[in-house]
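One structure is given here, and the rest of the page talks about it.
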Amino acid sequence: CGMNGAAYFIEMDAKGGEGEDNTAGAKFGTGYCDAQCPHEKFDPNEQHGICCVEMDIWEANREAAAYTPHPCSTVGPTKCEGIDCGYAVPGTNSTGDERWKGLCDKDGCDFNNY
């Protein structure tokens, strides 16, 4: 397989988080969010992310296709840090289950109609 294609919706802010602390905005790729709580572009702190609801309408490769909702316990794009992002926190006894303790359901509930 090696590659996949996707069509999905997210709750990203139209301005890409542009404001007092962020003068770049969506034009330069800032403010992107999804249920994986990705790291904010240009933020040197690897424990910071932005979470938001994600709805995968179509995610597929040559072997399978899936329709997957990824709900979050938040409304709109939400900045997170550490365990709220589902990240292991350095210097703690990580058990590997931080992924499921974050604000969003990173795995979602797939429906493969193939």
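Just so it is clear, the model here is predicted, and its values are computed rather than measured.
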Which heavy atom of [X] sits nearest a heavy atom of [Y], and at what distance?
| X | Y | answer |
| --- | --- | --- |
| I10 | C52 | CB-SG, 4.0 Å |
| A65 | W58 | CB-NE1, 4.2 Å |
| E11 | C33 | C-SG, 4.0 Å |
| A26 | A14 | CB-O, 4.0 Å |
| G17 | D13 | N-OD2, 3.2 Å |
| T23 | E18 | O-OE2, 3.8 Å |

Side-chain contact, heavy-atom cut-off 4.5 Å: [X] with [Y]?
| X | Y | value |
| --- | --- | --- |
| T30 | E40 | yes |
| C104 | E54 | no |
| V89 | Q47 | yes |
| I57 | Y67 | yes |
| L103 | T78 | yes |

Check each of R62, E59, E63 against N4 using the side chain to side chain contact (heavy atoms under 4.5 Å, CB included) test, and report the only one that passes.
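Passing option: E59.
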What side-chain donor-acceptor pairs closer than 3.5 Å can you find for residues 79-88, not counting sequence neighbours?
residue : atom : partner : partner atom : Å
Y87     : OH   : C37     : O            : 2.2

Regarding D107 and W100, do their side chains bring together a donor and an acceptor under 3.5 Å, going by distance alone?
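Checked: D107/W100 side chains pair up, N/O donor to acceptor below 3.5 Å.
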Backbone N/O of H48 and side chain of H39: donor-acceptor pair under 3.5 Å:
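A pair under 3.5 Å: yes.
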Look up atom CD in Q36 and atom CZ in R99, then write down how far apart they are to the nearest 0.5 Å.
5.5 Å
I'd like to check the side chain to side chain donor-acceptor pair (under 3.5 Å) partners of H70; sequence neighbours left out, ordered by chain and number.
D56
Taking everything shown except Y32 itself, do over 12 heavy atoms lie less than 6.0 Å from its OH?
yes
